[in-house]
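Structure first, then comments.
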Amino acid sequence: MKHYKLFIDGKWVDALSGKTFESLNPATGEVNAVVAEAGREDVDLAVKAARKAFESGPWADMAPGDRGRLLYKVAQALWDKADMLAEVETRDNGLPINETKFIAMPAMIDVLEFYAGLANKVQGSTLASPNNRFNYTLKEPVGVVGAIVPWNFPLMLTMWKLAPALATGNTIVIKPAEQTPVSILEMVKIFQKVGIPDGVINVVPGFGRTAGDALSSHQDVDKITFTGSTNTGRLIMQAASKNLKPISLELGGKSPNIVFDDANIENAVNGSMFGIFFAQGQVCASGTRLFVQEGIYDKFMDSFVKKAQSIRIGNPLDQTTQMGPQVSLQQLEKIQQYVSLGIEEGANLVIGGERNKDAGNGYFFTPTVFEDVTNEMTIAREEIFGPVLSVIRFKDEEDALRKANDTLYGLASGLWTNDLKRAHRMTRGLKAGTVYVNTFSMLDSAAPFGGRKQSGFGRELGIQAMDMYTETKNVWIDLSEEGLNWYGV
């Protein structure tokens, strides 16, 4: 068991209150680490350090190309430590080691490499003006960024914010989820060792009601970026509104996944399983509402259920494990409550629906499938964030589109068909930030990701994310000899 401190202004320090909290290993329920608990005063110190580094530190004067080269150097150091970071994250949040090692870590480092390459490509533009004027724009960093990150993919989703923020010249204060602070603190050690200047990155582990609120409402934080639940997003938006600071929110989802009767059934079954059971269903873009066309419903479900029952649940550090534990006992109990609601409201529980005690003392839950679900049921309306699938029949394109869009969320969606024209029609009709066609849950550093409706706003990843961390300044220069003399004085 390790002890971790706060990281402020390049130093590892105790919380001013002296408080600590325990980070548990969800596979065992045992203490994984003891971590300093940041309070409001600690957050204030971190913001002041970030402000100093932004305004007068070496980061502020560093050429964009040099900044990019330094970030790329960090990326190479992260590759060297990828296996270690994968194991640390698996112990912290329960993701199977194959998912942290071969999906989360490469994706995280690729993001840093992507934005390192964009650091010297932040460009303004020259505007068309009369000959007696010169009019152009500058793209400048916003300043101090407050980043509040979730527990499902701590390193990867931290990097989604950290990499573009640093590439554009900002400094940052990171508030990890209280369930999973350890891998982020280990990652910051690598940034420090490579030579990121003091104060550029600060990490304040703690709880949302104290550290999170202090960061969101701090008057000297220039921007807040948050990934997490829609309810928490509302609270952060309220806190940030006190100072009218810009925010970007990547929130919850209840993503539809639509299988048409002309689809390749085997591919659709396999892809839909990944869409719901990857990371124990703890993915904001999970395909939690599975719509299957009537003509292939029985054949599809027979295959899906058999394969879902074969998923290997167990120790996430075992390379043969395909599903690990939920992140916490609280999350496990939340999932159990939703299962009970599904049964009460008339859905048919086909498989799962209970804690898996055979896998150990951790927070393991069995892959769960409901049939006879209607779009009005709670399990089809609210985000469960677990391996619980609601299956709904549909008749035709119109029926599928109507049911798919009947949700408060708009993060992702998927469809399976061999009809090219249908794929394009559905893609245009689905109200979501991402549409997957004959696949699901894909990510790429170059592809913008974000939601509509109550799934949030703003786009992470891609060139588009650079806009979230820069301000546009318009500059006018008068080139005329006589100058401006409107009043003829």
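In this text, all values refer to a predicted model and were calculated from it rather than measured experimentally.
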- Message: Side chains of Tyr4 and Glu186 only: does a donor on one sit below 3.5 Å from an acceptor on the other?
- Response: yes
- Sequence neighbours left out, what pairs pass salt bridge (Lys or Arg N to Asp or Glu O under 4.0 Å) with at least one residue falling in residues 243-269? Asp262-Arg422
- Query: Can you check whether Phe365 reaches Thr368 side chain to side chain, under 4.5 Å on heavy atoms?
  - Reply: yes
- Message: Tell me whether the NZ or CZ atom of Lys223 lies within the 45° cone about the ring axis of Tyr469 and under 6.0 Å from its centre.
- Response: yes
- Give a yes or no on whether a salt bridge exists between Arg402 and Asp399, defined as a side-chain N under 4.0 angstrom from a carboxylate O. yes
- Message: Taking side-chain hydrogen bond (donor to acceptor under 3.5 Å, both in side chains) as the definition, give me every residue that meets it alongside Lys431, ordered by chain and number, with sequence neighbours left out.
- Response: none
- Message: I need the minimum non-hydrogen distance between Thr366 and Gly353, along with the two atoms involved.
- Response: OG1-N, 3.4 Å
- Under the 3.5 angstrom rule, does the side chain of Gln454 hit a backbone N or O of Leu408 as a donor-acceptor pair? no
- Message: Is there a side-chain hydrogen bond (donor to acceptor under 3.5 Å, both in side chains) between Asn257 and Ser272? Walk through the geometry before answering.
- Response: CA-CA 7 Å; Asn257 183 25; Ser272 298; 2.9 Å; yes
- Query: How about Phe278 and Phe440: are their ring centroids closer than 6.0 Å?
  - Reply: no
- Query: Can you find a pair of side-chain heavy atoms, one from Ile247 and one from Thr225, that are under 4.5 Å apart?
  - Reply: no
- Item | Ile313 versus Pro367, closest heavy-atom pair with distance | CD1-CD, 3.4 Å
- Task: Kindly say whether Asn32 contributes a backbone atom to a donor-acceptor pair with the side chain of Arg91 at under 3.5 angstrom?
- Result: no
- Glu89 side chain to Leu155 backbone, donor-acceptor under 3.5 Å: yes
- Is the closest side-chain heavy-atom distance between Asn202 and Ile172 below 4.5 Å? no
- Message: Donor-acceptor pair, distance only, cut-off 3.5 Å: does the side chain of Tyr409 make one with the backbone of Arg452?
- Response: no
- Item | Contact check, side chains of Val369 and Leu349, non-hydrogen atoms, under 4.5 Å | no
- Item | For Gln280 against Pro96, the heavy-atom pair lying closest together | OE1-CD, 3.2 Å
- Partners of Asp213 by side chain to side chain contact (heavy atoms under 4.5 Å, CB included), sequence neighbours excluded? Arg40, Ser217, Ala239
- Message: Tell me whether the count of non-hydrogen atoms from other residues, nucleotides or ligands lying under 6.0 Å of NZ in Lys334 goes above 12.
- Response: yes
- So, do Leu85 and Ile190 sit near enough that their side-chain heavy atoms are less than 4.5 Å apart? yes
- Task: Dump the intermediate steps for side-chain contact (heavy atoms from CB on, under 4.5 Å) on Phe153 and Met108, then the final yes or no.
- Result: CA-CA 9 Å; Phe153 296 95; Met108 180 263 294; over 6 Å; no
- Would one find more than 12 heavy atoms of other residues, nucleotides or ligands at under 6.0 Å from atom CG of Asn361? no
- Item | Test item: Ser340 side-chain N/O and Gln336 main-chain N/O as donor-acceptor pair under 3.5 Å | yes
- Message: Donor-acceptor pair, distance only, cut-off 3.5 Å: does the side chain of Thr158 make one with the backbone of Pro154?
- Response: yes
- Query: Do other residues, nucleotides or ligands put more than 12 heavy atoms under 6.0 Å from Met301 CE?
  - Reply: yes
What pairs of donor and acceptor atoms, side-chain ones from residues 74-83 against any protein atom, are under 3.5 angstrom apart with sequence neighbours left out?
residue: Gln76; atom: NE2; partner: Tyr72; partner atom: O; Å: 3.4
residue: Gln76; atom: NE2; partner: Glu113; partner atom: OE2; Å: 3.0
residue: Trp79; atom: NE1; partner: Glu113; partner atom: OE2; Å: 2.9

- Please answer whether the main-chain N or O of Gly324 pairs with a side-chain N or O of Thr321 as donor and acceptor at a distance below 3.5 Å. no
- Between atom OG of Ser216 and atom CG of Leu235, what is the distance when rounded to the nearest 0.5 Å? 9.0 Å
- Message: Looking at every non-hydrogen atom in both residues, tell me the closest pair between Pro387 and Ile335 and how far apart they are.
- Response: CD-CD1, 4.1 Å
- Query: Does the side chain of Leu215 reach to within under 4.5 Å of the side chain of Val221, using non-hydrogen atoms?
  - Reply: yes
- Sequence-distant partners of Thr378, side-chain hydrogen bond (donor to acceptor under 3.5 Å, both in side chains), two or more places apart: Glu345
- Message: With a 3.5 Å distance limit and no angle check, can you tell me whether Asn98 reaches the backbone of Gln319 through a side-chain donor-acceptor pair?
- Response: yes
- Message: Looking at every non-hydrogen atom in both residues, tell me the closest pair between Ala268 and Trp416 and how far apart they are.
- Response: CA-CE3, 3.6 Å
- Do Arg355 and Tyr363 touch side chain to side chain, with heavy atoms closer than 4.5 Å? yes
- Task: Please check if the side chain of Gln464 supplies one atom and the backbone of Phe449 the other of a donor-acceptor pair under 3.5 Å.
- Result: no
- Any donor-acceptor pair under 3.5 Å linking the side chain of Thr180 with the backbone of Asn93? no
- Counting heavy atoms not belonging to Lys306, are there more than 12 under 6.0 Å from its NZ? no
- Does the side chain of Asp419 pick up a donor-acceptor pair with the side chain of Thr417 at under 3.5 Å? no
- Task: Compute whether any side-chain donor of one residue and acceptor of the other, for Ser255 and Ser413, lie under 3.5 angstrom apart.
- Result: no
- Item | Between Lys307 and Asn270: side-chain donor-acceptor atoms closer than 3.5 Å | yes
- Does a side-chain N-to-carboxylate-O contact under 4.0 Å join Glu376 and Arg381? no
- Say whether Asn231 and Ser229, considering side chains only, have a donor N or O and an acceptor N or O under 3.5 Å apart. no
- Considering only heavy atoms from C-beta outward, does the side chain of Glu460 approach that of Lys161 to under 4.5 Å? yes
- Item | Ile463 atom CD1, over 12 foreign heavy atoms within 6.0 Å | no
- Query: Partners of Trp12 by ring pair (Phe, Tyr, Trp, His ring centres under 6.0 Å), sequence neighbours excluded?
  - Reply: Phe7
- Item | side-chain contact (heavy atoms from CB on, under 4.5 Å) between Thr434 and Leu411, worked out | CA-CA 7 Å; Thr434 298; Leu411 188 57; over 6 Å; no
- Task: Under the side-chain hydrogen bond (donor to acceptor under 3.5 Å, both in side chains) rule, what do Arg393 and Gln293 come out as? Steps first, then yes or no, please.
- Result: CA-CA 6 Å; Arg393 297 174 185 259; Gln293 198 162 15; over 6 Å; no
- Message: Looking only at side-chain N and O atoms, does Ser445 offer a donor or acceptor that is under 3.5 Å from a partner on Asp110?
- Response: yes
- Message: Between Tyr297 and Glu371, is there a side-chain donor-acceptor contact under 3.5 Å, judged purely by atom types and distance?
- Response: yes
- Could you point out which residue of Asn375, Leu401, Val259 forms a side chain to side chain contact (heavy atoms under 4.5 Å, CB included) with Phe291? Asn375
- Can the ring centres of Tyr436 and Phe274 be said to be less than 6.0 Å apart? no
- Note on the structure: Between Asn152 and Leu95 the two heavy atoms that sit nearest each other are O-CD1, 3.7 Å
